[in-house]
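Per chain, numbering begins at 1; letters A, B, ... match sequence-line order.
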Number of protein chains: 2
Amino acid sequence: MAEKVTIYDISKKLKISAATVSRALNNNPKISEKTRELVLKTATEMNYKQNRLAQALKSGRTNNVGVIVPFINRSFFSSVIRGIEEELSPHGYHVIICQTHEDVNNEIKQIDTLLNTQVDGIFMSVAKTTQDTTHIQKALAENTPLVFFDRKKDVKGLSSVVIDDFKGGYLATKHLIEQGCKKIAHFSGDLNVEIYKNRRQGYLKALKDNGITPLKRFSLPVNSKLESGTSAVKDLWKFDEKPDAIFSSSDYAALGAIQELRQMGIKIPEEVCVVGFSNEPFTKYMELPITSVDQTPFEMGKIAAQVFLEQIEGSKTLTIEKKVVLTPELYIRDSSNRKL
Amino acid sequence: MAEKVTIYDISKKLKISAATVSRALNNNPKISEKTRELVLKTATEMNYKQNRLAQALKSGRTNNVGVIVPFINRSFFSSVIRGIEEELSPHGYHVIICQTHEDVNNEIKQIDTLLNTQVDGIFMSVAKTTQDTTHIQKALAENTPLVFFDRKKDVKGLSSVVIDDFKGGYLATKHLIEQGCKKIAHFSGDLNVEIYKNRRQGYLKALKDNGITPLKRFSLPVNSKLESGTSAVKDLWKFDEKPDAIFSSSDYAALGAIQELRQMGIKIPEEVCVVGFSNEPFTKYMELPITSVDQTPFEMGKIAAQVFLEQIEGSKTLTIEKKVVLTPELYIRDSSNRKL
DNA sequence: TTGTAGGCGTTATCAT
DNA sequence: ATGATAACGCCTACAA
């Protein structure tokens with residue numbers, strides 16, 4: 001095992017003090033050009049590597065950030081993380097990932113251990129079950145920047161980067177109306193979760209703006225599973241008055257719906273148009289590609305990272321609370337494209 | 001901002017030495033039960049949190065591990081990472097992620113910064129372009145356990161967890177033969193990459209074992225893009241003698257092939273059976289679900305983590321070089337299931 | 001059982 | 001411009 005070489009080793013070899021070596025290494029102006037170059041040269045010669053731990057202990061900055069998500073292997077989250085990583089890594093930050101499994105208790109633990117490990121910042125998408133925010137306020141109390149993305153909570157002093165879910169819902173619904181659909185059903189997620197509530201609001205507004213009275217029966221909750229989409233369709237089609245379109249807050253439920261509709265011999269998009277949400281990778285690969293609302297996760301991650309950087313580099317005294325809202329993008333595909 | 005409370009604060013309050021506090025906190029046996037409890041109690045009262053940085057500086061262990069992958073938002077990699085995280089987080093480790101973008105130069109940098117930041121271990125899937133392994137040996141030189149997963153290099157002293165790609169190729173091909181296919185084409189990836197080479201070997205062996213002479217023309221390289229699958233099909237179908245099956249080393253190329261075959265009016269699986277590799281999420285969602293070889297990424301991550309833990313906890317002197325080979329699983333779906 | 005003291009590697013302050 | 005020293009917070013011989 002190669003022995004670690006410290007600034008003391010360099011200082012001994014050069015017969016100068018460790019302080020001088022440190023200065024040379026840190027581009028401190030108070031040092032002669034000659035010694036600086038000498039130090040730098042011998043440092044590389046001796047294969048010196050700065051001990052970031054010691055540095056961190058001294059400075060209180062680790063150059064690590066934490067990202068807390070429900071599950072890291074969801075397409076959306078892993079793309080956000082990628083965005084964060086690619087924006088931050090040039091600045092020398094490392095990204096630590098944590099999963100909550102949609103459980104607040106884990107969320108609490110993760111925040112605790114991240115703060116404990118002295119991360120310079122935290123990015124998070126809250127768990128669906130999260131209501132209370134005292135654990136989140138801890139970050140604030142310790143002066144650690146925390147940036148929400150996608151699923152946020154309103155906590156004074158904390159920034160967030162989200163998409164305009166209302167607009168997403170609006171766009172999707174408006175598109176369906178433009179395809180000639182008049183009886184548009186909506187699969188909403190858990191309405192206690194802000195994003196799902198907003199998507200639904202957008203849906204309702206689009207209907208209203210176009211003089212369509214929403215049928216209560218046409219709005220029903222699903223989870224992000226195929227089966228919940230198929231059963232929702234079964235429920236809807238029990239009645240005489242059938243929908244001529246479905247706007248689903250979940251791509252998975254949308255796919256389940258499509259499978260069930262086909263099963264029933266219903267033509268898509270001729271008889272029923274379907275639009276999903278999230279632009280999951282599979283939507284574009286289907287034989288009948290599914291129209292979906294893209295949440296620009298990669299962008300979202302990059303921007304969240306930028307917000308963090310501003311916060312870090314900006315004057316510490318002034319607490320910045322930045323709320324970024326990205327515009328979602330509708331990808332129109334065959335499941336709803338009647339090519340009028 | 002809440003002031004950090006240290007063991008000194010506790011020691012002052014309790015009028016005992018910091019050393020005693022430290023011992024109490026660390027379950028050191030050399031301490032009376034009374035003082036231990038007292039310390040523990042006041043510690044929580046004062047909301048004491050161990051400074052892991054100081055601890056790390058002292059002990060040389062950070063409780064961080066690094067994971068290096070080409071891209072973290074690939075379904076396969078993010079699932080492996082999830083496995084690693086879930087296995088390691090109960091042991092108090094944090095997972096730092098790094099991306100190489102399939103570029104060796106990034107790989108070199110990442111290993112450097114990870115070692116520099118004193119991670120306790122490194123997990124990695126090498127970039128496709130990686131040939132030389134000197135940067136990897138650095139980890140060995142610094143005595144930092146490094147575990148390869150999926151894409152490995154043969155470096156003495158380093159462990160790896162991979163799937164049996166040969167077997168994967170064999171299974172897929174054998175299955176096609178069992179479906180009655182005799183003229184089986186193969187889409188291979190870059191044959192300089194071990195895993196693709198092995199899959200192809202498995203394919204060839206299965207043919208041989210069943211008395212089928214492989215046609216050289218039937219084996220052609222693709223990348224992991226849809227288009228490369230469609231163009232490969234175009235190339236194959238230029239000749240009079242058409243394949244009756246395709247085993248693709250990439251699910252994406254398999255999908256491209258399927259799209260092209262359908263375009264040409266060829267029935268799947270009746271006329272041509274198709275099998276992919278990786279079990280990408282979309283394969284099971286298709287209207288014509290695609291048969292594919294699953295690489296058990298989640299398992300792979302968990303086991304890689306276990307190998308690391310053994311290494312860390314095992315006696316330091318004995319270098320363990322563990323090679324784990326997981327068995328891939330064939331998911332038979334409609335694209336190749338003739339339901340004989 | 002408890003306390004003292006030194007050190008992990010770095011940087012910042014104060015002298016020189 | 002450079003050197004000595006203390007400090008970041010913790011742990012661990014060694015001493016008591």
Side-chain angles (χ1 to χ4, degrees), chain A residues 1-40 42-43 46-64 92 115-120 142-143, chain B residues 1-40 42-43 46-64 92 115-120 142-143:
Chain A
M1 168 165 180
E3 284 313 312
K4 293 263 146 71
V5 14
T6 74
I7 50 174
Y8 277 93
D9 299 323
I10 301 182
S11 76
K12 268 178 218 151
K13 182 156 191 176
L14 260 38
K15 307 202 178 189
I16 56 178
S17 78
T20 308
V21 176
S22 171
R23 280 189 275 260
L25 259 19
N26 291 299
N27 285 326
N28 188 309
K30 302 202 163 224
I31 195 171
S32 77
E33 198 51 39
K34 233 182 285 178
T35 32
R36 181 205 311 290
E37 278 173 20
L38 183 62
V39 169
L40 256 38
T42 33
M46 297 175 74
N47 193 30
Y48 166 79
K49 293 282 159 58
Q50 223 175 16
N51 184 328
R52 294 179 85 226
L53 249 41
Q55 211 176 216
L57 176 61
K58 188 86 228 264
S59 67
R61 305 187 61 247
T62 55
N63 278 296
N64 288 152
L115 288 176
N116 197 219
T117 200
Q118 318 265 81
V119 289
D120 296 342
E142 302 209 2
N143 217 12
Chain B
M1 170 165 177
E3 284 312 312
K4 291 264 146 72
V5 14
T6 74
I7 51 174
Y8 279 92
D9 299 322
I10 301 181
S11 76
K12 267 178 217 152
K13 182 157 192 175
L14 260 39
K15 306 201 181 196
I16 56 177
S17 77
T20 308
V21 176
S22 171
R23 279 189 274 260
L25 259 20
N26 292 298
N27 284 328
N28 189 310
K30 302 201 162 221
I31 197 172
S32 77
E33 199 52 39
K34 235 181 282 178
T35 31
R36 180 205 314 288
E37 278 172 21
L38 183 62
V39 169
L40 256 36
T42 31
M46 298 178 73
N47 193 30
Y48 166 78
K49 292 283 156 61
Q50 223 175 19
N51 184 329
R52 295 178 85 226
L53 249 41
Q55 206 177 218
L57 177 60
K58 181 80 206 179
S59 67
R61 305 187 64 247
T62 56
N63 279 297
N64 288 153
L115 288 176
N116 197 217
T117 201
Q118 319 263 83
V119 290
D120 296 342
E142 301 209 1
N143 216 15

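Between the CZ atom of Arg61(B) and the C1' atom of dC8(C) there is a distance of 15 Å, given to the nearest Å. Remark: P of dG9(C) and CD of Gln118(B) are 9 Å apart, rounded to the nearest angstrom. With rounding to whole Å, Leu57(A) atom CG is found 12 Å from dT10(C) atom P. Between the P atom of dG9(C) and the CD1 atom of Ile10(A) lies a distance of 13 Å, rounded to the nearest Å. One atom, NZ of Lys30(A), and another, P of dA12(C), lie 13 Å apart when rounded to the nearest Å. Taking atom NZ of residue Lys15(B) and atom P of nucleotide dT4(C), one finds them 14 Å apart after rounding to whole Å. Between the P atom of dG9(C) and the OH atom of Tyr48(A) lies a distance of 10 Å, rounded to the nearest Å.
Contact footprint of chain B on DNA chain D: nucleotides with an atom under 4.0 Å from a non-hydrogen protein atom, first to last in 5' to 3' order, dG9(D) to dA13(D).
The side-chain heavy atoms of Glu33(A) and Arg36(A), taken from C-beta on, include a pair separated by under 4.5 Å.
Applying the side chain to side chain contact (heavy atoms under 4.5 Å, CB included) test to Ser32(B) and every residue at least two apart in sequence or in another chain returns Lys34(B), Thr35(B). Under the rule for a side chain to side chain donor-acceptor pair (under 3.5 Å), Thr6(A) has no partner lying at least two apart in sequence or in another chain.
Listed here is the closest heavy atom pair of Thr62(B) and Ala56(B): CA-CB, 4.0 Å. Taking both residues in full, the closest heavy atoms of Arg61(A) and Asp120(A) are given as CA-OD1, 3.5 Å, listed atom of the first, atom of the second, then distance. Taking each heavy atom of Val5(B) and Asn47(B) in turn, the nearest pair found is CG1-O, 3.7 Å.
Defining each end axis of the helix from dT1(C)-dA16(D) to dT16(C)-dA1(D) as the rotation carrying four pairs' C1' atoms onto the next four, with five pairs an end, the two axes are found to diverge by 50° to 10 degrees.
Among the atoms of the strands shown, base atoms are found under 4.0 Å from some heavy atom of Ile7(A).
A donor-acceptor pair is defined here as one N or O able to donate and one able to accept, closer than 3.5 Å; such a pair exists between the side chain of Asn116(B) and the backbone of Gln50(A).
For Lys58(A) against dT10(C), no side-chain N or O and base N or O form a donor-acceptor pair under 3.5 Å.
In this structure, the separation between CD1 on Ile16(B) and CD1 on Ile7(B) is 10.0 Å, given to the nearest 0.5 Å. With rounding to the nearest 0.5 Å, the separation of NZ in Lys49(B) from CD in Glu142(A) is 7.0 Å.
Along DNA chain C, the nucleotide nearest Gln50(A) and the nucleotide nearest Pro29(B) are compared for position; the residue whose nucleotide lies closer to the 5' end is Pro29(B).
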Under 3.5 Å, sequence neighbours excluded: what are the donor-acceptor pairs made by side chains of residues 17-30 of chain B?
{"from": "Ser17(B)", "atom 1": "OG", "to": "Ala19(B)", "atom 2": "N", "distance (Å)": "3.4"}
{"from": "Ser17(B)", "atom 1": "OG", "to": "Thr20(B)", "atom 2": "N", "distance (Å)": "3.2"}
{"from": "Ser17(B)", "atom 1": "OG", "to": "Thr20(B)", "atom 2": "OG1", "distance (Å)": "3.0"}
{"from": "Ser22(B)", "atom 1": "OG", "to": "Asn26(B)", "atom 2": "ND2", "distance (Å)": "3.3"}
{"from": "Asn26(B)", "atom 1": "ND2", "to": "Ser22(B)", "atom 2": "O", "distance (Å)": "2.7"}
{"from": "Asn28(B)", "atom 1": "OD1", "to": "Lys30(B)", "atom 2": "N", "distance (Å)": "2.8"}

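Residues from residues 16-27 of chain A with heavy atoms under 4.0 angstrom of DNA chain C, sorted by number: Ala19(A), Ser22(A), Arg23(A), Asn26(A).
Note on Ser32(B): a side-chain N or O is less than 4.0 Å away from OP1 or OP2 of dT2(C). One finds a side-chain N or O of Thr35(B) lying less than 4.0 angstrom from the OP1 or OP2 phosphate oxygen of dT2(C).
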Original post:
Should Gln55(B) and Lys58(B) be marked as a side-chain contact (heavy atoms from CB on, under 4.5 Å) after you check the CA-CA gap, both sets of side-chain angles, and the distance that decides it?
Top reply: CA-CA 5 Å; Gln55(B) 206 177 218; Lys58(B) 181 80 206 179; 5.8 Å; no
Original post:
Passes side-chain contact (heavy atoms from CB on, under 4.5 Å), Asp9(B) versus Met46(B)? Steps please.
Top reply: CA-CA 9 Å; Asp9(B) 299 322; Met46(B) 298 178 73; 3.9 Å; yes
